[in-house]
Amino acid sequence: MISEAAAIAEQTRLRQQIITTDQLPDPIQFIAGTDVEYDKESDLIAGCIAVMDYKTLEVVEIATHVMHVTFPYIPGLFSFRELPPLLVAWEKLQQKPDLLVCDGQGMAHPRRFGMASHLGVTIGKPTIGCGKTRLYGNHTELDIRKGSSVPLLAEDDNAVIGKVLRTQEGINPVFVSVGHMISLETATNIVLSLAKQYRLPETTRIADHYGRLALEEYKRNNMTH
DNA sequence: GCGACAG
DNA sequence: ATCTTGTCGC
């Protein structure tokens with residue numbers, strides 16, 4: 001396992017490759033959600049990438065991979081823990097999506113390189129970071145209405161590193177940020193459009209669901225041995 | 001030293 | 001992340 005110092009050096013090196021403008025195919029056809037599930041009673045984790053039709057949100061393909069954790073949970077180094085299973089799942093995927101929505105931050109990170117950016121730069125695809133809670137950055141009060149948002153500012157230089165977005169009225173907002181090859185504005189619009197009925201984008205909900213199933217199935221197949 | 005801290 | 005029904009509040 002690489003050291004914490006090496007991981008930080010890796011982030012500061014790779015962050016320079018992030019593209020913050022839209023590099024998406026014109027009509028987006030396939031979008032994917034990514035998530036990683038953890039097992040309470042073991043060190044097993046399941047990575048899941050759920051590819052869906054962007055227009056209808058029908059599930060097109062599910063790719064998963066179950067393995068043992070290889071890196072501890074350290075705020076700021078989250079991607080070194082969750083990327084391994086996701087990269088294997090990515091290789092298993094037949095239908096590569098046009099962009100991916102990740103469950104965590106993109107550039108809304110102390111070194112501007114959260115897991116969404118790490119995944120995007122690694123596989124060379126557009127990614128959006130959509131976290132449920134804040135990791136880094138300051139923001140003002142947010143209107144209670146659905147669709148309202150305020151910028152998330154970096155704690156060191158006040159740069160805009162993301163957007164705090166209310167996807168449902170009166171419900172806790174989500175933290176949207178650029179992962180790779182997309183603008184913050186486009187990322188925000190897409191997340192909002194994917195959260196028509198629930199707080200989290202549909203992509204994340206589907207990936208979470210199938211990741212859970214994959215982990216349970218793996219455990220069933222290994223209990224009798 | 002104290003609090004914060006994606007999943 | 002994970003453990004989880006009823007319950008408090010609008």
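The figures here come from the full heavy-atom set of this structure, side chains too, leaving out hydrogens, waters and symmetry mates. Order of the sequence lines sets the chain letters (A, B, ...), proteins ahead of strands, with each chain counted from 1.
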Sub-6.0 Å ring centroid separation between A/F80 and A/H118: yes
Strand contacts (DNA chain B) in residues 114-141 of chain A, 4.0 angstrom heavy-atom criterion: A/G114, A/M115, A/G131, A/K132, A/T133, A/R134, A/L135
Which of these, [options], sits in a side-chain contact (heavy atoms from CB on, under 4.5 Å) with [X]?
| X | options | value |
| --- | --- | --- |
| A/T188 | A/I182, A/I128, A/L165 | A/L165 |
| A/R81 | A/I74, A/I45, A/V36, A/V69 | A/V69 |
| A/V51 | A/V59, A/I31, A/L100, A/V60 | A/V60 |

Residues A/K219, A/E216: salt bridge by 4.0 Å N-O rule: no
Strand DNA chain B as a dot-bracket string - pairs counted if Watson-Crick or G-U with both distances under 3.5 Å, | where the partner lies in another strand: .......
Considering all heavy atoms, the nearest A/S79-A/P84 contact: O-CD, 4.0 Å
Contact summary for A/K163 and A/L152, nearest pair of heavy atoms: N-CB, 4.1 Å
Consecutive-pair stems (at least three Watson-Crick or G-U pairs, under 3.5 Å) that include DNA chain C: none
Contact boundaries on DNA chain C for chain A, cut-off under 4.0 Å to non-hydrogen atoms: C/dA1 to C/dC3
DNA chain C contacts made by residues 34-46 of chain A, counting heavy atoms under 4.0 Å: A/E37, A/Y38, A/K40
First and last nucleotide of DNA chain B, 5' to 3', lying under 4.0 Å from heavy atoms of chain A: B/dA4 to B/dG7
